[in-house]
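Contents: one structure, followed by commentary.
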Protein chains: 2
Amino acid sequence: MAIDLDERKVEVHDHSRDRTINLGFDQLHIATGARPLRPDIPGIDLPRVMGVQTLDDAHAILARAELTDCKHVTVVGGGYIGLEMAEAFVRWGAEVTLVEATSQVMRTLDPDIAAKVTTAIRGFGVDVRTDLPVTGFEEGVVHTSEGEHHTDLVVLGMGVTPNADLAADAGLELGPRGSISVDRRQRTSADGVWAAGDCASSFHLVTGEPVHIALGTVANKQGRVAGVNIGGGYATFPGVVGTAITKICALEISRTGLSEHEAATAGFSFDTATIDTKTIAHYMPGAEDMTVKMLAEQGSGRILGAQIIGGRGAGKRIDAVATALHAGMDVQQMIDLDLSYAPPFSGVWDPVQMVARRLVRND
Amino acid sequence: MAIDLDERKVEVHDHSRDRTINLGFDQLHIATGARPLRPDIPGIDLPRVMGVQTLDDAHAILARAELTDCKHVTVVGGGYIGLEMAEAFVRWGAEVTLVEATSQVMRTLDPDIAAKVTTAIRGFGVDVRTDLPVTGFEEGVVHTSEGEHHTDLVVLGMGVTPNADLAADAGLELGPRGSISVDRRQRTSADGVWAAGDCASSFHLVTGEPVHIALGTVANKQGRVAGVNIGGGYATFPGVVGTAITKICALEISRTGLSEHEAATAGFSFDTATIDTKTIAHYMPGAEDMTVKMLAEQGSGRILGAQIIGGRGAGKRIDAVATALHAGMDVQQMIDLDLSYAPPFSGVWDPVQMVARRLVRND
């Protein structure tokens, strides 16, 4: 496939009839999504080195595991997908080794919070190895910088990259991580050409900078904005604050705004506070551990981000902080919020307010 | 006890020594709380007609129920406490009748949402009777406007009233529902006299009007504000948006902002929308029913309030709406929020955004 911006046409290969056709356009919308990263490592194209993106991929992985009487699975990459696959294969009955090239799993979290994820997934039975880049695959063997180990199946969870080649070849401007650069109306750098979803850039409301976040919530909003604009209406994408949530074993993990690394990169001077508390009133049956970390700008007290990890009911509390980020609230405004309280749900101060109180005391 | 504002002293009766002493003051803080309503109904002071405010009250009720081999309990009042006591006594093994003088339980909810609570508590085994004022009590008998029924124990859950007599007798101004009127710094109408908590008024950020809300979250914040100010600092109470949450049987019920009745009373023209959805992605195991109702001002689209009822994980979602109310957001801003999504937690559009989308379409 190729886009010709001068001729206003798209060259499309029709596989069913093995022919090439040209489609003219007035408005062109690019929604090519993202694909799992498959870095150029020797042996990565072996049949037992499998990526996971679609439901069909998941079926194929499970079918292969069952067919080959798989005993040991190696998951490469400690992001959301890698951790979820590691958990799933422990539940399925395999021994699982998770190898992560960097020093921590879940790089969207700060190291101290990510360490709690590592502890949990190790406790669940996953052999987690950090700082261990994979250097190659052979049939039944994974080579790493510290030697090799035997495995029956390799699952890749190394993140995704935007499908932006088509756009790049046509000369469209690219943004963060190679995504198609768009403005708030989802317009690319070429007149009448739009992009939305995992292939496109977004922008971050806390930093004000372009960012690439491949999540369904973003894609859903961007697609709607592009559709309204292409249809002659007027809509703008509101931006993201970097909210995400996942469940690993019994742990709920969520984050919004900037991590310490992101805040430092964006040039913020910031304080952090972390509290260890309970998901509900401590004297109630079913109270589970919960940790909340918050970042606030020094001086202004503006909230920059938060991370939550804990038992049932912990994760979704990030939404109050995400809403506060959209409103540009500072820690005092967070404390002032009239959030819901009853013992089966919370302490009298919600944990996201308790951590804000700690930050005010830091001033 | 009595407060003498002219002489700047408080007359206190010392029960332990049966003497009256006068305590002078420079600054006086009134934190007298609230008490359960005990309306002037014949027989209300019988020993088997019991109120519940403190942990000791709860122990006393349970002790009496056990001692008297109680078979049938009548709960008077369908508010939070009444419903919780009704549920507790069904669990304990009693037959329970709940009588409510007005047309619905939980008057802080709209009738359509309250009807779901009634259905749930009836399904749990409570005989709920609305529009049925109690006219009197005798030993073993409850008289109502529609006849009498036999009962072993009566529990009152008729709401609370501020303990403001001391303040009223001293000539301090009173506010909504007889609470002690205070400004944003918790100052009463008399110089150097402060009040905070369930005895004091508050103000509502959506209406801008004084209001009385007897909740621990409010009391906790007001007490801190009063303390800072009395200590020579400067603090202001941020106001409330009317957030509350409770759990009745397996149902989580929460609300924030204004109900339809409150919005109409405050003079707003508003639209409402209600959606029936699931607590988490509909295809995930454990998805439970969840209903969200939202009110928005006509024209501006400003969010005025929301009510949520549903299974596990439903209730605390009200906090994102409460935060949006503090920020004065409209329904489009609610839709634009970057809230957390993963299938174990939510659909790709959080229910509080789904209902906002419905309201935008109403425009």
Side-chain angles (χ1 to χ4, degrees), chain A residues 80 84 202 204-205 213 215-221 224 236-247 252-257 308 312-313 315-329 332-346 348-350 352-353, chain B residues 80 84 202 204-205 213 215-221 224 236-247 252-257 308 312-313 315-329 332-346 348-350 352-353:
Chain A
Y80 296 81
E84 287 177 15
S202 175
H204 203 294
L205 286 171
I213 293 180
L215 286 178
T217 46
V218 177
N220 206 308
K221 292 191 182 85
R224 192 190 145 278
T236 57
F237 180 68
V240 300
V241 295
T243 312
I245 191 167
T246 190
K247 191 174 175 191
E252 300 186 1
I253 305 153
S254 58
R255 56 99 68 209
T256 192
I308 296 175
R312 198 192 271 252
K316 260 293 192 180
R317 290 167 191 243
I318 205 72
D319 286 351
V321 186
T323 306
L325 285 176
H326 276 266
M329 289 185 183
Q332 185 59 53
Q333 289 173 303
M334 189 86 220
I335 296 167
D336 288 349
L337 293 175
D338 186 12
L339 300 184
S340 59
Y341 157 65
F345 299 96
S346 176
V348 70
W349 288 95
D350 192 275
V352 298
Q353 296 181 300
Chain B
Y80 296 82
E84 286 176 16
S202 177
H204 203 295
L205 287 172
I213 293 181
L215 285 178
T217 46
V218 177
N220 206 307
K221 292 191 183 84
R224 193 191 145 276
T236 56
F237 179 68
V240 300
V241 295
T243 312
I245 191 168
T246 191
K247 192 175 173 188
E252 301 185 2
I253 305 152
S254 58
R255 56 98 71 210
T256 192
I308 296 175
R312 196 191 272 251
K316 259 292 190 179
R317 291 171 191 238
I318 205 72
D319 286 350
V321 186
T323 307
L325 285 175
H326 276 266
M329 288 184 184
Q332 184 59 52
Q333 288 174 303
M334 190 85 218
I335 296 168
D336 287 350
L337 293 176
D338 186 13
L339 301 184
S340 58
Y341 156 66
F345 299 97
S346 176
V348 70
W349 288 95
D350 192 274
V352 299
Q353 296 181 299

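Values below: all heavy atoms of this structure, side chains included; hydrogens, waters and symmetry mates excluded. In what follows, chains are A, B, ... by sequence order, proteins preceding strands, each numbered from 1. Just so it is clear, the structure is predicted and the values come from calculations on it, not from any experiment.
- Looking at A:K247, its side chain never comes within 3.5 Å of a backbone N or O of B:P343 through a donor-acceptor pair.
- Between chain A and the options B:V241, B:V218, B:T243, heavy-atom pairs under 4.5 Å are most frequent for B:T243.
- Note on A:R312, A:Q353, A:Q332: by heavy-atom pairs under 4.5 Å with chain B, the leading option is A:R312.
- Residues A:Y341 and B:I245 approach most closely at C-CG2, 3.5 Å, considering heavy atoms.
- Considering OG1 of A:T236 and CG of B:D336, their distance stands at 7.0 Å, rounded to 0.5 Å.
- By the 4.5 Å heavy-atom criterion applied to side chains, B:Q333 and A:H326 are not counted as neighbours.
- Considering only heavy-atom pairs separated by less than 4.5 Å from chain A, the leading option among B:V321, B:D350, B:T256 is B:D350.
- Contact of B:R255 with chain A is not made at all, since no heavy-atom distance falls under 4.5 Å.
- Nearest approach of A:K316 to B:S340, heavy atoms of both residues: NZ-O, 2.8 Å.
- Looking at B:T217, both its backbone and its side chain come within 4.5 Å of chain A, counting heavy atoms on both sides.
- There is no contact between B:L215 and chain A, counting heavy-atom distances below 4.5 Å.
- Of the atoms belonging to B:M334, not a single heavy atom falls under 4.5 Å from chain A.
- B:D319 places no side-chain N or O within donor-acceptor distance of the main-chain N or O of A:D319, the cut-off being under 3.5 Å.
- Among B:I318, B:I335, B:L205, B:V240, the residue with the largest count of heavy-atom pairs under 4.5 Å with chain A is B:V240.
- Looking at heavy atoms from C-beta onward, A:L339 lies in side-chain contact with B:T323 at the 4.5 angstrom threshold.
- Residues meeting the salt bridge (charged side-chain N to carboxylate O under 4.0 Å, His left out) test with A:D338, sequence neighbours left out: none.
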